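Structure, as structure tokens:
In this text the structure is predicted, and so the values were computed from the model without any measurement. Side chains are part of it too, since the values below use all heavy atoms of this structure and drop only hydrogens, waters and symmetry mates. Letters A, B, ... mirror the listed sequences (proteins, then strands); counts begin at 1.
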Amino acid sequence: MTVRCRFAPAPSGSLHVGNVRSALFSWLWARHNDGVFILRVEDTDASRVTEEAFRGVLDDLRWLGLEWDEGPEVGGSHGPYRQSERGEIYREKLAELLAGGHAYRCYCTEAELEERNEAARGRGEAPGYDGHCRDLTDDQRAAYEAEGRPPVVRFRMADTEQVVDDLVKGRVRWAPGELRDFVLARADGSPVFLLAVAVDDLLMEVTHVVRGDDLLASAPRNARVIEALGGTAPVYAHVPQVLGPDRRPLSKRHGSTSVRSFREMGYLPEALVNYLALLGWSPGDDREVLSVAEMIDAFDLARVSSNPAAFDTEKLTWLNNRYIQSLADDDLAARCVHFLVEAGVGVEPDVLRHAMPLVKERMKTLTEAVELLRFLFSDDIAPNEKAAGILAKAPPGYLKEAAEALDASPAWDTETIAATLDGLGAGAGLNRTKAWQPIRAAVTGSNVSPPLPESLALLGKERTVERIRAAAG
RNA sequence: GCCCCCAUCGUCUAGCGGCCCAGGACAUCGCCCUUUCAAGGCGGAAGCACGGGUUCGAAUCCCGUUGGGGGCACCA
């Protein structure tokens with residue numbers, strides 16, 4: 001049987017990394033089994049959903065490389081894939097459940113429900129729907145109808161022990177009566193999540209549901225609805241929440257947690273995917289840096305950890321640098337362009353490409369290309385505080401001398417420049433650090449830069465000499 | 001309140017009864033390399049929440065305690 005996994009986000013603009021991890025595990029499982037990955041958008045709450053928020057989610061997934069086989073924009077034989085377009089289907093299935101006696105109309109008002117809940121609490125009993133309208137007689141029903149009470153539709157939950165064999169949590173049980181009859185459709189007839197998910201998973205022939213463990217208790221409800229509709233429930237895998245550094249569930253409160261924000265901070269999708277895969281899963285050996293192919297090959301839902309993991313930006317950053325180092329110069333340069341342009345630095349593609357070997361091991365994020373390489377593309381290199389200090393401490397006449405020596409250089413390659421610089425230092429009785437730092441400060445405006453001879457070679461003789469002369473005053 | 005989930009270095013994890021006086025990675029500390037900053041190499045410190053069992057033997061199994069988290073909606 002073909003494995004069919006799905007990811008069903010609400011369109012939020014940009015996915016947060018916790019959701020993405022669920023999506024990733026679902027996707028990896030589909031790919032591992034040569035199965036199908038479905039994207040379904042849970043936009044039933046149409047009032048809050050904008051087209052922009054919808055697009056944001058698709059963009060995030062594509063950027064991460066989590067391509068879907070069925071879903072919005074790619075189609076598929078089980079559509080439509082937006083819940084907002086499936087109203088008719090839900091109405092149909094709701095009628096089916098009602099007709100089969102698996103669901104019933106409940107006339108209790110919210111006030112009545114609340115009142116009885118309070119009373120239950122007062123008696124030390126568990127709150128929750130008490131089954132008031134479960135077995136109304138025709139007369140009672142008629143009386144409520146006559147009152148004009150708008151009914152909701154509730155699912156008749158089996159009064160037996162409920163068991164879910166979860167791929168990551170193991171066997172989980174709920175005592176009889178623990179899971180109450182829940183609402184499938186609101187008084188206005190609109191479907192709620194519990195109906196929509198069950199119907200969609202059934203009709204889309206989903207075999208494995210991978211999602212956050214905050215939904216663990218809805219698994220038996222989903223399963224019973226699917227069965228009431230004549231289907232077979234999928235296998236569930238509830239992955240733990242992703243925690244923030246304070247060990248509380250990740251939320252907006254933690255600042256930048258959306259895919260978009262990591263993208264804007266200069267993280268590579270490869271690094272984010274690799275990092276997220278390692279959050280709660282490991283291949284079982286000591287590998288940490290894994291290609292997508294290796295992840296697909298090694299992935300197993302049964303190996304996903306059942307305890308919650310905290311998101312650690314430092315390790316993500318380390319991985320990011322590893323991936324930056326591994327990229328080809330062309331590729332890296334292309335990815336840096338956006339950030340340089342964004343910062344107002346106009347780039348020369350050829351120079352940029354040749355600068356990559358100089359910066360790839362010192363860039364933790366792509367945004368750092370800006371500070372590292374600005375001096376190559378802009379002549380506005382006013383020295384920062386430390387650079388100014390270095391310049392002030394340079395021996396009198398040293399910079400002028402350096403400018404002349406470099407200007408007189410017969411060739412302009414790394415070796416020649418290094419030799420010239422060394423000759424200069426020797427003449428002034430300075431070691432390399434003392435001899436080179438003033439040059440660095442004069443040319444880059446900073447005390448920190450890529451390797452000096454290579455930088456000067458890229459900058460060109462004219463601009464180098466000009467800047468040193470300017471600094472010499 | 002009731003129910004459910006979870007518990008190995010600061011963090012992510014390996015470990016599924018003897019291979020473990022617990023292995024790897026990030027972070028951290030020290031040394032090396034070194035033109036700055038990085039990167040890299042080598043080394044160190046750091047953990048089985050607690051208490052009972054079971055067993056010849058427990059990080060691994062069972063029970064309890066404690067501590068986190070989630071659920072108990074006409075939200076998803």
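- Formation of a donor-acceptor pair under 3.5 Å by the A:Asp201 side chain with backbone atoms of A:Val206 is not found in this model.
- Not one N or O on the side chain of A:Tyr129 forms a donor-acceptor pair closer than 3.5 Å with the backbone of A:Val183.
- Across all strands, A:Ser306 comes closer than 4.0 Å only to sugar-phosphate atoms, never to a base (heavy-atom distances).
- In this structure, of B:rA25, B:rA76, B:rU35, it is B:rA25 that holds the atom nearest to the side chain of A:Trp318.
- Within the nucleic acid shown, A:Arg287 has no heavy atom closer than 4.0 Å to any nucleic acid atom.
- Going from the C1' atom of B:rG1 to that of B:rC12 covers 36 Å, rounded to whole Å.
- Going from the P atom of B:rC3 to that of B:rU65 covers 12 Å, rounded to whole Å.
- The partner of B:rC72 is B:rG1, by the rule that a Watson-Crick or G-U pair needs both atom distances under 3.5 Å.
- Looking at heavy-atom distances under 4.0 Å, A:Arg248 makes contact with sugar-phosphate atoms alone, never a base.
- Taking atom CZ of residue A:Arg362 and atom P of nucleotide B:rU34, one finds them 15 Å apart after rounding to whole Å.
- Within 4.0 Å of A:Lys434, counting heavy atoms only, lies no atom of the nucleic acid at all.
- As rounded to whole Å, 14 Å separates atom P of B:rC75 from atom CD of A:Gln83.
- Side-chain nitrogen and oxygen atoms of A:Asn321 include none within less than 4.0 Å of the OP1 or OP2 phosphate oxygen of B:rC26.
- Under the Watson-Crick or G-U wobble criterion, with both distances below 3.5 Å, B:rA25 is paired with B:rU11.
- With both ends at atom C1', the span from B:rA73 to B:rA14 equals 41 Å, rounded to whole Å.
- In this structure, the side chain of A:Thr416 does not engage the main chain of A:Trp412 through any donor-acceptor pair within 3.5 Å.
- Contact annotation for A:Leu421: no contact, since no heavy-atom pair falls under 4.0 Å across all strands.
- In this structure, A:Glu178 reaches the sugar-phosphate backbone alone: every heavy-atom distance under 4.0 Å involves primed, P, OP1 or OP2 atoms, never a base.
- OP1 or OP2 of B:rG15 lies within a sub-4.0 Å distance of a side-chain N or O belonging to A:Arg303.
- With distances taken from any side-chain atom of A:Val448 to the nucleotides B:rU36, B:rC12, B:rC74, the minimum falls on B:rU36.
- Here the side chain of A:Ala126 is nearest to one of B:rU13, B:rG1, B:rG24, namely B:rG1.
- Taking only side-chain atoms of A:Asn307, from C-beta outward, the nucleotide of B:rC4, B:rU13, B:rA76 with the closest atom is B:rU13.
- If you take atom C1' in B:rG41 and the same atom in B:rA49, they sit 37 Å apart, rounded to whole Å.
- With salt bridges taken as basic N to acidic carboxylate O contacts below 4.0 Å, one links A:Glu112 and A:Arg149.
- Nearest nucleotide to the A:Pro249 side chain, out of B:rG69, B:rA7, B:rU35: B:rG69.
- For the P atom pair drawn from B:rC42 and B:rG51, the interatomic distance equals 39 Å after rounding to whole Å.
- For A:Phe182 and B:rA73, the CZ to P distance is 12 Å, given to the nearest whole Å.
- Between B:rC6, B:rU35, B:rC74, one nucleotide has an atom nearer to the side chain of A:Lys169 than all others, and that is B:rC6.
- B:rU54 is unpaired under the Watson-Crick or G-U wobble criterion, no partner having all donor-acceptor distances under 3.5 Å.
- Nucleic acid contact for A:Pro308: sugar-phosphate only, since backbone atoms but no base atoms lie under 4.0 Å from a heavy atom of the residue.
- You'll find the side chain of A:Val41 stays beyond 4.5 Å of the side chain of A:Tyr81, heavy atoms only.
- Atom CE in A:Met295 sits about 15 Å away from atom C1' in B:rC12, given to the nearest Å.
- Across all strands shown, A:Pro245 has no heavy atoms under 4.0 Å from either base or sugar-phosphate atoms.
- Counting any heavy atom pair closer than 4.0 Å across all strands shown, A:Pro451 reaches a base atom.
- Under 3.5 Å, the side chain of A:Arg432 and the base of B:rU34 form no donor-acceptor pair of N or O atoms.
- B:rG47 and B:rG24: their P atoms are spaced 15 Å apart (whole Å).
- Checked for salt-bridge contact, A:Arg353 and A:Asp329 miss the test: no charged N lies under 4.0 Å from a carboxylate O.
- Among the protein residues, A:Leu452 comes within range of the nucleic acid bases, having at least one heavy atom under 4.0 Å from a base atom.
- Using a cutoff of 4.0 Å between basic side-chain nitrogens and carboxylate oxygens, A:Glu288 and A:Lys315 are scored as salt-bridged.
- Across every strand in view, B:rU65 sits in a pair with B:rA49 that passes the Watson-Crick or G-U test at under 3.5 angstrom.
- Across B:rC31 and B:rC37, the matching P atoms stand 14 Å from one another, rounded to whole Å.
- Residues A:Ala187 and A:Glu361 each lie close to RNA chain B; by heavy-atom proximity, the contact nearer the 5' end of the strand is made by A:Glu361.
- Rounded to whole Å, the distance from CH2 on A:Trp281 to P on B:rU11 is 22 Å.
- Residues A:Ile381 and A:Val443 are not in side-chain contact: their nearest non-hydrogen atoms beyond the backbone lie 4.5 Å or more apart.
- Nucleic acid contact for A:Glu314: sugar-phosphate only, since backbone atoms but no base atoms lie under 4.0 Å from a heavy atom of the residue.
- Between A:Tyr275 and A:Tyr267, the gap from one ring centroid to the other reaches at least 6.0 Å.
- Protein atom CZ of A:Phe311 is 21 Å distant from nucleotide atom P of B:rA25, rounded to whole Å.
- A:Trp29 and A:His208 have perpendicular rings, their planes meeting at more than 60° on a 0 to 90° scale where under 30° would count as parallel.
- Nearest nucleotide to the side chain of A:Pro127, out of B:rC72, B:rA7, B:rC4: B:rC72.
- Mapping A:Gly280 and A:Arg322 onto RNA chain B by nearest heavy atom places A:Gly280 at the nucleotide closer to the 5' end.
- Taking the side chain of A:Val183 as heavy atoms from C-beta on, and the options B:rC5, B:rC72, B:rC74, the nearest nucleotide is B:rC74.
- As judged by a 4.0 angstrom heavy-atom cut-off over every strand, A:Val192 is placed among residues touching the sugar-phosphate backbone only.
- Atom P of nucleotide B:rU13 and atom CG of A:Leu319 are separated by 14 Å, given to the nearest angstrom.
- B:rG10 sits 13 Å from B:rC50 when the P atoms are compared, rounded to a whole Å.
- Of all nucleotides listed (B:rA76, B:rU35, B:rC26), B:rC26 comes nearest to the side chain of A:Asp312.
- Contact annotation: A:Arg180 side-chain N/O to B:rC2 OP1/OP2 distance is not under 4.0 Å.
- Distance CG (A:Leu276) to C1' (B:rU13): 15 Å, rounded to an integer number of Å.
- Using a 4.0 Å cut-off, some side-chain N or O of A:Lys364 falls inside it from OP1 or OP2 of B:rA39.
- Side-chain nitrogen and oxygen atoms of A:Arg247 include none within less than 4.0 Å of the OP1 or OP2 phosphate oxygen of B:rG67.
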